[in-house]
Amino acid sequence: MRLVLLGPPGVGKGTQGRRIAGEHHWALISTGEMLREGIARGTGLGFEARKRMEAGLLVPDDVMIGLVKERSAADDARDGFVLDGFPRTVVQANALDSMLQAREQRLDVAIGLDAPREELVRRLSARRECPICKRAYNLVSAPPRNGGDCDDHPGMKLVQREDDSEPTVRKRLEVYDEQTAPLIDYYRGQGRLREVTAEGSVEDVYRRLLQALSC
Ligand code: AP5
């Protein structure tokens, strides 16, 4: 299965993508994670991406397309992958179609997740992660067991992502509306879109996601 998870910041693409990829042994290709790794390791890619990410803007299409082209050709992605955060523009969606076509493959489904704006802002302002293992928490919906420490790394304080400050979140939502939301119609036009409401618990959303994949 080759699957795209589409939706605004905070809708749960990472949360649901990790789970569905893990349970089905599909590769998880999260472009945001790849960029953050690049920043942490001080690579050229990280250097190029950092300022734009911190401002809530998209990284240029050619950089992202090159990254996904290489990652999606890796061995672990041969039997399937979940794309979280890519494509984000029509240019990227066209490039994905062409790269799969060149490999005689195709995208199976694009899942469009959505939830009310204020819920997205609430989720993102409560998101925290462990700086060591990157395990994701939410102070409201998925808090750590012990105050502000990672469950798996006692004593390690959880941190907030640089781009999760409220003004940057609002900018990211604006960028989503302008540049990424048109992909809903793009995939609807291809007959590949399945829309899933991302309100309710993580478990509820996961159930709906599985249902959408089986129809
Ligand atoms: P990226 O990391 O992809 O960020 P994003 O799309 O803004 O998405 P988020 O990671 O913020 O949210 P999510 O939908 O994954 O939600 P999550 O599961 O974490 O990209 C970051 C930046 O990188 C971009 O702004 C851009 O600059 C650059 N970039 C990346 N890809 C690019 C591309 N293709 N082209 C150009 N630039 C690119 O959940 C959020 C929180 O809510 C968590 O705390 C979670 O625990 C909680 N939560 C999840 N589900 C629920 C639920 N059902 N109920 C309650 N809480 C929930």
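Ligands are counted one by one from 1 in listed order, and the atoms in each one are counted from 1 as well. Quantities reported herein were computed from a predicted structural model and do not represent experimental measurements.
Checking Ser72 against Arg103 by side-chain atom types alone, a donor-acceptor pair falls below 3.5 Å.
With respect to the salt-bridge test (charged N to carboxylate O, under 4.0 angstrom), the residues Arg170 and Glu118 qualify.
The shortest heavy-atom contact between Leu158 and Pro144 is CD1-CG, 3.6 Å.
Judged as a salt bridge (charged side-chain N to carboxylate O under 4.0 Å, His left out), and not counting sequence neighbours, the contacts of Arg188 are Asp185, Glu195.
Each of Pro8, Pro9, Gly10, Val11, Gly12, Lys13, Gly14, Thr15, Thr31, Gly32, Leu35, Arg36, Met53, Leu57, Leu58, Val59, Met64, Gly85, Phe86, Arg88, Gln92, Arg123, Leu124, Arg127, Tyr137, Asn138, Ser141, Arg161, Asp163, Arg172, Gly200, Ser201, Val202, Val205 has a non-hydrogen atom positioned under 4.0 Å from some atom of ligand 1.
Among residue pairs with one or both ends in residues 3-29, those qualifying as salt bridge (charged side-chain N to carboxylate O under 4.0 Å, His left out) are Arg19-Glu23, Arg19-Glu203; sequence neighbours excluded. The ring-ring contact (aromatic ring centres under 6.0 Å, His included) analysis of residues 13-67, with sequence neighbours excluded, yields the pairs His24-Trp26.
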